[in-house]
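Lettering of chains follows the sequences in order, A, B, ..., and the numbering in each one begins at 1.
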2 protein chains.
Amino acid sequence: MAKLGIKDIAAISGVSPATVSRTLRNPDIVSEETRKKVMKAVEEGGYTPSRFGANLRTQKSGNIIVVMPDITNQVNAGIIRAIESEAQKAGYSILLGDTQGLAEREKHYANMAQSGQADGVLLFTFHMPFNLNKALPVLKQLPPIVNSCESIPIEGISKVMIDNIAGARTAVEHLLSLGHKRIAAVMGPRDTPSTLERLKGYETALATARIEIDEQLIIRGDYGLDSGIGAMEQLLKLRLRPTAVFCFSDDMAIGAMSVLQENGFRIPQDISIMGFDDIRYARLMTPALTTIHQPLEEIGKACIELLLEQLDGKSEQARYVELPFQLMVRQSTGPAPL
Amino acid sequence: MAKLGIKDIAAISGVSPATVSRTLRNPDIVSEETRKKVMKAVEEGGYTPSRFGANLRTQKSGNIIVVMPDITNQVNAGIIRAIESEAQKAGYSILLGDTQGLAEREKHYANMAQSGQADGVLLFTFHMPFNLNKALPVLKQLPPIVNSCESIPIEGISKVMIDNIAGARTAVEHLLSLGHKRIAAVMGPRDTPSTLERLKGYETALATARIEIDEQLIIRGDYGLDSGIGAMEQLLKLRLRPTAVFCFSDDMAIGAMSVLQENGFRIPQDISIMGFDDIRYARLMTPALTTIHQPLEEIGKACIELLLEQLDGKSEQARYVELPFQLMVRQSTGPAPL
DNA sequence: CGCAAAATTGAAAACGTTTACAGTCAACCA
DNA sequence: TGGTTGACTGTAAACGTTTTCAATTTTGCG
């Protein structure tokens, strides 16, 4: 039996296609009698409305595209999971856009949004459709956007963020309170807003404590495990080693820890390590990793919420949501050695 | 300026819509002159073909849906990343289906496939559209499917797998070779094929070594970190403790290790630990985790390849691809204590 | 040069819905 | 009773492409 269309169901149940459509989308406005007839035909025929027709007519895809630099990353994965779950409740599907940091892929996803493949965009990456110079004019052509994690410096787009500056400052202050004076920073990828913000928090905390910044103690990383390894190796070569290392991501902290332990350093007795994110592995490290907790699920939920507001046309205005971070003191940080 | 359609472009460039469509989809069949005219209009007008129209006409969505139990899991994340990347090259987009183990969500994704929202399905979860009893008849109505990770016991669907039985056997044999006799197993979620297979490998290895199975040493987990913790706690309460623990996932192994270290056990001197998967954190644990490596990227690539074959109509027949696992001996396993 | 074949184009018909609009019919009210 | 309302339903027009088929032009070749 060929696949049934709405006309077939209409014919079977003796009503018009319009009524079938109404029965399915808006049951309340058809009479009970009709509804029953139609539903019977629908079920017996195993009819599932084709989305192609509906999409074309309504000009909506029912999809939301999530653009991320790396879905393998625990932070991103955690967020997207919450997003997917909430989106589904609202009747939307999630299209995955993993840029792998490639500009060409960012273009690709921008196109997808433009061709109507998605009704809205969740943007977790910095570059992207936005060539900052010509961003604003383009912006209005694009579907609704919510930006998170990496703050895009454009007015008028909704954002969900944590206060990276304060988060980093809190981290460093924790180390300072333990008596550390030589505190290294392992940064994220060059020029991303999150890294710049966390760096600022680091600098602010040190400045407030009247400790001079030592450029040698600031290492560039990329948030990944391996860059944590590289950074730590570099730091260990220093004549004057840091007594504490603040990594801008847990992954890098985990990488750093493994280098230390391999080389016989004790954590935190010899060197304290801090991370940022509080991924689920953090508390299971030995020693458990002190870090700044990011509320991944809340971030995901907030993103969807803001986007849905725009999609439903409820809110024209951009909103900014700031979620709280939390210092998680565990065993990887301790008093500075004498 | 309102959004341009194919008719507008046709009008501007003085050709028919048909020719515009041809220029974009199939440049070779239009004359160079026409092509130039059309391209000019397309670029100046900033025209992006609407996918709605095309989808309806071609009855293809250009989407592939990936159904997974948990995208937060490193194994799944790694696989899906490869999938996304390959799919994009072939012009497909990835719809994310995270079931979170919920039956209702599995239904939902089955529907999506049926309503034409996706042209193909990549299935990494066990239950699903397939109520085994009535699975076969339904199967032919569904779009092309490739099954991976959790083997669905149905003939005629393409699969990408590793040999879980052999993998587990290899793991246990490694432990046996180190002199261990009391080897515990921490299983994955009840009744999933992968768990059952690995269990079989475990049992086979022990049987071959003429070691009797001790039910007390077989603990049920769910592949997650916490269940590794729980399992290890349970094992530590045993009167006769195991000297080695084979966890069916790295996550559980990591959980188990943290329990041991917290309680002052030395790994591997007191107890050896093995995992399965070789997630990227495995080698950074202290001690580095001995485990069975799964080729995530290759799995992802193979899945897409098989699916594309079906989508392109190249191959009607189901194919089965088996990818090699690899034993990674690291520091978490050592000779059995005396 | 003339004809067949090939290359290129256009006209028009789908594809499967949703929804504005108009129509029908029963119920209700004055 | 007649008119008005309200509830429900049907008609038909989109939505924006792709593709078949036929028409036209160009090319190739004897």
Visitor: Contact between B:Glu86 and B:Glu305 at the side-chain level, heavy atoms closer than 4.5 Å - yes or no?
Guide: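 Not touching, per the 4.5 Å side-chain cut-off.
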Visitor: Among C:dG16, D:dT19, C:dT9, which nucleotide has an atom closest to any side-chain atom of B:Ala18?
Guide: D:dT19
Visitor: Would you kindly give the NZ-to-P distance between B:Lys7 and D:dA14, to the nearest whole Å?
Guide: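 Whole-Å distance recorded here is 10 Å.
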Visitor: Could you tell me if the side chain of B:Ser158 sits less than 4.5 Å from the side chain of B:Glu309, heavy atoms only?
Guide: no
Visitor: Could you work out which one of D:dC15, C:dG10, D:dT17 sits closest to the side chain of B:Ala54?
Guide: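 Minimum distance to the B:Ala54 side chain belongs to D:dT17.
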Visitor: Has the side chain of B:Arg57 got a donor or acceptor atom sitting under 3.5 Å from an opposite partner on the base of D:dT18?
Guide: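 Result: at least one qualifying N/O pair found.
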Visitor: Of the nucleotides D:dT19, D:dC15, C:dT9, which one has an atom closest to the side chain of A:Leu56?
Guide: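 The closest nucleotide is D:dC15.
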Visitor: Mind listing the closest non-hydrogen atom pair of B:Thr23 and B:Thr19 along with its distance?
Guide: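 Reported closest heavy-atom pair: OG1-O, 2.6 Å.
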Visitor: Roughly, in whole Å, what's the span from CD in A:Gln59 to C1' in D:dG16?
Guide: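 About 8 Å, once rounded to whole Å.
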Visitor: Starting at atom CG of A:Leu24, determine the distance to atom P of C:dT18, rounded to an integer number of angstrom.
Guide: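 Checked: the CG to P distance equals 8 Å.
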Visitor: Could you state the atom-to-atom distance from CG of A:Asp28 to C1' of D:dG6 in whole Å?
Guide: 16 Å
Visitor: Is any side-chain heavy atom of B:Asn76 less than 4.5 Å from a side-chain heavy atom of B:Asp98?
Guide: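 Not in contact.
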Visitor: Looking at the base of C:dG10, is there any donor atom on it, or on the side chain of B:Arg22, that sits under 3.5 Å from an acceptor on the other one?
Guide: yes
Visitor: If you check every side-chain atom of A:Ser50, which of C:dT17, D:dT11, C:dT9 has the closest atom?
Guide: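 Of the candidates, C:dT17 comes closest.
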Visitor: Determine: side-chain N/O of A:Thr19 to OP1/OP2 of D:dG10, distance under 4.0 Å, yes or no.
Guide: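 True: A:Thr19 side-chain N/O within range (under 4.0 Å) of D:dG10 OP1/OP2.
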Visitor: Rounded to whole angstroms, how far apart are CZ on B:Arg35 and P on C:dA7?
Guide: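 Distance check: B:Arg35 CZ to C:dA7 P gives 14 Å.
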Visitor: Could you state the atom-to-atom distance from CD of A:Glu32 to P of D:dA7 in whole Å?
Guide: 16 Å
Visitor: Would you say the side chains of B:Ser61 and B:Asp119 form a donor-acceptor pair under 3.5 Å?
Guide: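 There is such a pair (donor and acceptor under 3.5 Å, judged by atom type) between the side chains of B:Ser61 and B:Asp119.
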Visitor: In whole Å, I'd like the distance from the CZ atom of A:Phe52 to the C1' atom of D:dT18.
Guide: 14 Å
Visitor: Which nucleotide wins on minimum distance to the side chain of B:Thr58, given the candidates D:dT18, C:dT18, C:dG16?
Guide: D:dT18
Visitor: Looking at A:Tyr47, I'd like to know whether one of its side-chain N or O atoms comes within less than 4.0 Å of OP1 or OP2 on C:dT17.
Guide: yes
Visitor: What is the separation between atom CD1 on A:Ile29 and atom C1' on C:dC21, rounded to the nearest whole Å?
Guide: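 Checked: the CD1 to C1' distance equals 14 Å.
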Visitor: Can you see if the side chain of B:Ser31 gets near the phosphate of C:dT9 - specifically, an N or O under 4.0 Å from OP1 or OP2?
Guide: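 Result: yes.
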